[in-house]
Structure formats: C-alpha cells, structure tokens
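Structure first, commentary second.
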Amino acid sequence: MTLARDLLGRILFYRTAGGLLAGRIVETEAYTGAADPASHAFRGPTARNTVMFGPAGHAYVYFSYGMHYCLNVTAERPGTAGAVLLRGLEPLAGIDLMRAQGDHGAASRLLSGPGKIGRAFGLTLKDNGRDFTRGPLGISAGTPAAADQVAVSRRIGISRAVDFPYRFAVIGSRSVSRA
DNA sequence: CCACCGATTGCT
DNA sequence: GCAATCGGTGGT
C-alpha cells in the first residue's frame, strides 16, 4: 500500500532498441489479494496473476478489454499478492518514440491512463514478470511527491470494493487520467 | 466446452 | 452513452 504512494514522483524508464522512454509517475492504484475483491489476485493464484504472488519489484502486465496492456509493479514478498497499477506518467524522454505508437495527442496526455502507458511504451505480455532492478525496464529515484501534493481517492473502472481509498495522484498534474 | 465480462479508451 | 475486441476465469 505504501508503495503506491511512494512511487509518485519516481521515474519509470524503458530502454528499447529505438531509444530511451521515460516518464514521471503521477498516478497509481494499489491492489492487494484476498482482502481486495477488485484485485486480480482476489480468488487466489491463476495462470494470469502468478507474478502478483511473487517478489516485489517485478512487472505484472495484463491484457485488458481485448486491446490494452496495463503495467503494475509488484509490492509484496513471495506468497502474498500485491501490485501497484501505474495509471499516469508525465513524459520525460522518448516522446517522439511514444508518438510513433500512434497517439498524436498533446504530449502531457500521451501517458495519462494505464492503457495509454502500455501503448506508448509498446508493452506486451513479453514484459510480464520483468525485474525492475534488472533489464530494460526500471524505476529510478526521481523527486518523491510531497505529502501535500498527493490526492487520495477511490480507484477507477472497478465494480467491487469501490470505496477503498487506494488511488494516489499528484495534485495538478495534467498527466493524471482523470480528475 | 461455453458464456460472461473486464484494473480502458475514444468517438457520438 | 456506448462500441470495439478477446483472453482469462469459472461454471456446466
């Protein structure tokens, strides 16, 4: 849970063949396990959510609505499910490469949503399970968001556990998926 | 094997 | 407000 808040302000990067892609994390959501009906891990381990039950600091990527790939950072120790969905980032590097994926909107909106992050970064299931401390995907320190810059609210797009205050966003950022 | 439905997005 | 699009999941 604390990871979701702590990731705000940090830098997600991806070293691709074409160049470096990077963005400042400004919106996240926490998902846990058996105590969280909205989590993919709620009903226990399955082929899809295996990574959520593994060690912290790995990428849990899932295919959504038949067309989007969404990225999470695992948050707990082996055996305990937990992940943080990255929902919004402010583009920092590789904006031209992100646009090459087909989104030609304003730069500040290229990564304003979990599906958009997957699209701009070219994420697929090949990225599922990647270690953020090793390999092309990583997270660097950045400048952590101050407590008074963080808004806590309900998660978006779920139908169960709708009142859990597990969404964290940097106040005022134009790269947050929605107000 | 089959039917349901979603941690979304973009257009009407 | 709603269609697009399809694999994961759970029940028959």
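In the text below, chain A, chain B and the rest are named by the order of the sequence lines, each starting its count at 1.
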Just to be sure I understand the rule, does A/I158 reach a base, reach only the sugar-phosphate, or reach nothing, if contact means heavy atoms closer than 4.0 Å?
sugar-phosphate
hydrophobic_cluster_shared for A/L8 and A/V152, side chain cutoff 4.5 Å:
yes
Modelled atom types, side-chain donor and acceptor of A/E27 and A/S173, under 3.5 Å
no
Same-atom distance (P) from C/dT5 to B/dC2, integer angstrom
23 Å
From CZ of A/F63 across to P of C/dT5 the rounded distance in Å is 11 Å
Between A/H40 and A/Y62, ring centroids under 6.0 Å:
yes
Mind running a 4.0 Å heavy-atom check of residues 86-112 of chain A against DNA chain C and sending the residues that fall below it, in number order?
none
Let me know the distance between OH of A/Y62 and P of C/dC6, rounded to the nearest Å.
18 Å
Short N-O contact, A/D36 and A/R155, less than 4.0 angstrom
yes
So, A/E76 side chain and A/A83 main chain: donor-acceptor pair closer than 3.5 Å or not?
no
Which dot-bracket string describes DNA chain B (Watson-Crick N1-N3 plus N6-O4 or O6-N4, or G-U N1-O2 and O6-N3, all under 3.5 Å; [ ] crossing; | other strand)?
||||||.||||.
With a strict under 4.0 Å distance from non-hydrogen atoms of chain A, what nucleotide opens and what nucleotide closes the contacted stretch of DNA chain B, reading 5' to 3'?
B/dG6 to B/dG10
Quick one: does A/N49's side chain have a donor or acceptor within less than 3.5 Å of a partner on A/G44's backbone?
yes
Between A/R48 and A/H68, which residue's closest nucleotide on DNA chain C lies nearer the 5′ terminus?
A/H68
What is the nucleic acid contact for A/G115, judged by heavy atoms within less than 4.0 Å: base, sugar-phosphate only, or nothing?
sugar-phosphate
Give a yes or no answer on whether the side chain of A/R5 reaches the backbone of A/A145 with a donor-acceptor pair at less than 3.5 Å.
no
Contact summary for A/V170 and A/I25, nearest pair of heavy atoms:
CG2-O, 4.4 Å
Taking A/G105's backbone N and O only, do any of them form a donor-acceptor pair with A/R99's side chain (distance below 3.5 Å, no angle check)?
yes
Modelled atom types, side-chain donor and acceptor of A/Y60 and A/R130, under 3.5 Å
no
Whether A/S108 side chain and A/S175 backbone form a donor-acceptor pair below 3.5 Å
no
